[in-house]
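Numbering of ligands and ligand atoms starts at 1, following listing order.
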Amino acid sequence: MALITGGATGIGYGVAELLASLGAHTVLASRNGETLEAAAARIRDAGGQASVAVLDVRDAESVRAVVSRVASERGRLDLLVNNAAGNFYAPSATLSPNAWRSVVEIDLFGTFYCSQAVAPVMRSQGGGRIVNVSMTLHYRGWPQMAHATAAKAGVDALTRTLAVEWAPWGVRVNAVAPGPIPTPGVLKAFSAPRERGTDAAPATALFDVKQAMAEYAARAIPLGRWGTPRDIANAVAFLASPAGDWITGAIFVIDGGEWLQRQPQ
Ligand code: NAP
């Protein structure tokens, strides 16, 4: 059984869809019950197994309650994918404390709360896998993303620390670091970079996002295309499979070579 936070949309849904097609029971967990039910129905319509859990990963107590419920309903919990995240661009100088706190709490605290909740279940069943969804933007400077880059740097640190701490329990903790993938969440963040998180007036679409993205892919991604949720899902499935038995504390960059390439001046 696989619990996927943010599993109803974007990359999380891609992960759920692939794992379900491989025979896993998937539990999609996030805040919006309607979106969750619709996503789970799509998976079931395709012949997979999916159920839902309404959950705010910032609330440690409700995270523990949901994990305990789904683990007892399903009998075990093999995989946790910490994918939920907040997503918007905002200038650091005017980022409000609330916006900063919100993203750090979802991305970093949420990853910790979910991991801490599943660890005893995995320990008692003899092991399990945790895959954190990180990013690559904190490997270099990335303007207007101080909140998310700081949080994901923390996620990378958690990945390595928990990998070592929980290895004796058979719990493997790894991360995937996607490059740019035009999910609806990302398109929204690109289009309205100042809509949330600052006192500035709401921004309207600043440029043709799809056109700008096509140009960016040609110029800045060595493998010449944007990623897809399936690109990330494939790596998660690998880490969750027996092929990942001797892998823990690893952070797999899946970005078509984007972050390694020197950007044109
Ligand atoms: P997305 O579709 O916006 O996914 C975010 C998901 O997180 C949503 O399903 C959302 O559902 C859920 N979520 C947000 N706050 C939550 C909370 N407090 N509690 C529970 N769930 C919450 O974005 P995405 O592009 O697929 O991103 C997925 C992951 O990939 C994120 O960790 C992101 O940082 C990472 N990533 C994405 C890219 C990219 O280019 N797309 C690149 C690098 C890394 P609700 O609103 O219903 O709660």
Side-chain angles (χ1 to χ4, degrees), residues 3-18 26-40 52-63 66-67 80-89 98-99 101-114 117 131-140 142 145 147-156 158-159 175-192 196 209 213 216-217 220-221 225-233 235-236 251-256 258-259:
L3 174 63
I4 302 137
T5 68
T9 64
I11 292 171
Y13 180 74
V15 169
E17 193 180 35
L18 177 62
T26 53
V27 179
L28 319 183
S30 63
R31 295 165 301 178
N32 186 322
E34 269 179 41
T35 317
L36 287 169
E37 290 295 353
V52 308
V54 175
L55 174 69
D56 187 331
V57 296
R58 293 172 291 188
D59 178 349
E61 237 173 74
S62 90
V63 166
V66 163
V67 165
L80 164 68
V81 183
N82 280 309
N83 166 80
N87 208 345
F88 57 87
Y89 277 74
N98 192 41
R101 189 182 312 112
S102 174
V103 170
V104 175
E105 283 189 354
I106 298 169
D107 295 19
L108 178 57
F109 290 25
T111 295
F112 182 65
Y113 295 152
C114 292
V131 179
N132 298 324
V133 182
S134 185
M135 59 167 50
T136 60
L137 303 186
H138 53 294
Y139 299 173
R140 53 198 170 180
W142 202 271
M145 287 294 264
H147 43 338
T149 53
K152 295 292 191 175
V155 167
D156 288 0
L158 268 185
T159 301
V176 290
I181 297 177
T183 60
V186 158
L187 292 174
K188 193 170 158 210
F190 264 119
S191 306
R196 289 184 292 168
V209 178
M213 289 175 76
Y216 182 83
I221 303 178
R225 68 163 173 88
W226 293 86
T228 65
R230 180 55 66 96
D231 289 319
I232 308 307
V236 173
I251 299 171
F252 280 12
V253 174
I254 303 153
D255 73 339
E258 188 226 16
W259 94 267

- Side chains of Leu80 and Val131 in contact at under 4.5 Å (non-hydrogen atoms): no

- Any Leu55 side-chain heavy atom under 4.5 Å of Val63 side chain: yes

Option set [options], criterion heavy-atom distance to [atom], minimum:
atom                    : options                    : result
atom 8 (C) of ligand 1  : Thr9, Ile11, Val63, Asp107 : Thr9
atom 25 (O) of ligand 1 : Thr136, Leu187, Thr183     : Thr183
atom 28 (C) of ligand 1 : Asn83, Thr228, Thr5        : Asn83
atom 45 (P) of ligand 1 : Arg58, Glu258, Arg31       : Arg31

Ligand 1 contact on [X] by region, counting heavy-atom pairs under 4.0 Å:
X      : answer
Lys188 : neither
Asn32  : both
Leu55  : backbone
Pro180 : backbone
Ile106 : side chain

- Which residue, Val57, Thr111, Asp107, Ile4, forms the side chain to side chain contact (heavy atoms under 4.5 Å, CB included) with Asn82? Thr111

- The single option from Thr228, Ile254, Thr183, Val133 that satisfies side chain to side chain contact (heavy atoms under 4.5 Å, CB included) with Pro178 is Val133

- Using salt bridge (charged side-chain N to carboxylate O under 4.0 Å, His left out) as the criterion, list what pairs up with Glu258, not counting sequence neighbours. Arg140

- Message: Can you list everything that forms a salt bridge (charged side-chain N to carboxylate O under 4.0 Å, His left out) with Arg225? Sequence neighbours excluded, please.
- Response: Asp231

- Give a yes-or-no answer on whether the side chains of Thr5 and Asn83 include a donor-acceptor pair shorter than 3.5 Å. no

Atom indices of ligand 1, in the order listed, that fall short of 4.0 Å to a heavy atom of [X]:
X      : result
Ala85  : 5 (C), 7 (O), 14 (C), 31 (C), 32 (O), 33 (C), 34 (O)
Val186 : 25 (O), 39 (C), 40 (O), 41 (N)
Val133 : 29 (C), 30 (O), 32 (O), 35 (C)
Gly10  : 2 (O), 26 (O)
Gly185 : 3 (O)
Met135 : 43 (C), 44 (C)
Gly6   : 6 (C), 7 (O), 9 (O), 12 (C)

Any atom of ligand 1 sitting under 4.0 Å from a heavy atom of [X]?
X      : result
Ala148 : no
Pro182 : no
Lys152 : yes

- Message: Just to confirm my output: which protein heavy-atom neighbour is closest to atom 43 (C) of ligand 1, and how far is it?
- Response: Pro178 O, 3.3 Å

- Would you say Val57 and ligand 1 have an N/O pair spaced under 3.5 Å apart? yes

- Just say parallel, tilted or perpendicular for the rings of Tyr139 and Trp259, cut-offs at 30° and 60°. perpendicular

- Item | Audit row: Val186, Ile181, side chain to side chain contact (heavy atoms under 4.5 Å, CB included) steps and yes/no | CA-CA 7 Å; Val186 158; Ile181 297 177; over 6 Å; no

